[in-house]
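Data first, discussion second: the structure below is written as structure tokens.
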Amino acid sequence: MRTTISAKKVRSDFVSEVEEISGEDLLACNQCGKCSAGCPVASVMDLLPSQVIRMAQLGMEEVLESRTIWICASCLTCVTRCPKGVDLPRLMEALREIALRAGATEIDLNKLPKDLVDELPQLAIVGGFRKYIK
Ligand code: SF4
Ligand code: SF4
């Protein structure tokens, strides 16, 4: 993934939007990596949680194309490990929200197998709708 880093990008509307929606200070993260080291689903992510926040810090909107923001289970493990008090799940939620507003659709409801829909707990379906669909 090639990109250009600039002061303009670091102070971009994208960075402000992520901070406004999440309520988090992106620059609080010092890239210690403790979140990534403890994340239980990091092995199936295409970017580690600490990489996601780094890209957001730098105003790299390409982070919205990462599957990691959809895979994060909001389990809060990283929150308990972060020495800087960063709430990564809130950042992940903000990035999903921005991606959804831009028209991204992670799940096509019409393509879900009927058997799966019949078997899934209602709570999981409602929770999934809130996470993946605008
Ligand atoms: S644990 Fe906190 S400070 Fe360390 S990389 Fe993760 S978000 Fe940043
Ligand atoms: S909240 Fe998300 S990023 Fe943090 S440890 Fe859990 S799955 Fe990983």
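The structure displayed is predicted, hence computed values, not measured ones. Counting starts at 1 for both ligands and their atoms, in listed order.
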Going by the 4.0 angstrom heavy-atom rule, the piece of Pro40 near ligand 2 is side chain
Rounded to the nearest 0.5 Å, how far apart are CD1 of Ile71 and CE of Met92?
-> 9.5 Å
CG/Leu100 to CG/Leu64 distance, rounded to the nearest 0.5 angstrom?
-> 10.0 Å
Go through ligand 2 atom by atom and flag the ones less than 4.0 Å from a non-hydrogen atom of Ser74.
-> 1 (S), 2 (Fe)
How far is atom 6 (Fe) of ligand 1 from its nearest protein heavy atom, and which residue and atom name does that atom have?
-> Cys35 SG, 2.4 Å
Which of the atoms in ligand 2, numbered in the order shown and given with their element, are less than 4.0 Å from a heavy-atom of Val41?
-> 7 (S)
Numbering the atoms of ligand 2 from 1, which are under 4.0 Å from a heavy atom of Pro89?
-> 1 (S)
Identify the protein heavy atom lying closest to atom 7 (S) of ligand 2, giving its residue, its atom name and the separation to 0.1 Å.
-> Ala73 N, 3.3 Å
What protein heavy atom sits nearest atom 5 (S) of ligand 1, and how far off is it?
-> Gly33 N, 3.2 Å
Less than 4.0 Å between a side-chain N and a carboxylate O, is that true for Arg90 and Glu93?
-> no
In Å, rounded to the nearest 0.5 Å, how long is the span from OG of Ser66 to CG of Leu48?
-> 9.5 Å
Is any side-chain heavy atom of Val52 less than 4.5 Å from a side-chain heavy atom of Leu91?
-> no
Got an N, O or S from Cys78 under 2.8 Å of atom 4 (Fe) of ligand 2?
-> yes
Nearest protein heavy-atom contact for atom 4 (Fe) of ligand 1: which residue, which atom, what distance?
-> Cys32 SG, 2.3 Å
If you measure from CZ on Phe14 to CG on Leu95, what distance do you get to the nearest 0.5 Å?
-> 5.5 Å
Would Arg81 count as a contact of ligand 1 if the rule is a heavy atom under 4.0 Å away?
-> no
Measure Leu88 to ligand 2 on non-hydrogen atoms and call it side chain, backbone, both or neither using the 4.0 Å cut-off.
-> neither
Can you name the one residue among Arg54, Glu61, Met55 that meets side-chain contact (heavy atoms from CB on, under 4.5 Å) with Leu58?
-> Arg54
Is Leu76 touching ligand 2 with its side chain, its backbone, both, or neither, if touching means heavy atoms under 4.0 Å apart?
-> backbone
Mark yes or no for whether Glu19, through its side chain, and Leu26, through its backbone, hold a donor-acceptor pair below 3.5 Å.
-> yes
Atoms of ligand 2 close to Thr77 [distance to a heavy atom under 4.0 angstrom, numbered from 1] | 5 (S)
For Cys75, the ligand 2 atoms whose distance to one of its heavy atoms is below 4.0 Å = 1 (S), 5 (S), 6 (Fe), 7 (S)
Test Cys78 against every option in Pro89, Pro49, Cys39 by the side-chain contact (heavy atoms from CB on, under 4.5 Å) rule and name the one that passes.
-> Pro89
Measure Cys39 to ligand 2 on non-hydrogen atoms and call it side chain, backbone, both or neither using the 4.0 Å cut-off.
-> both
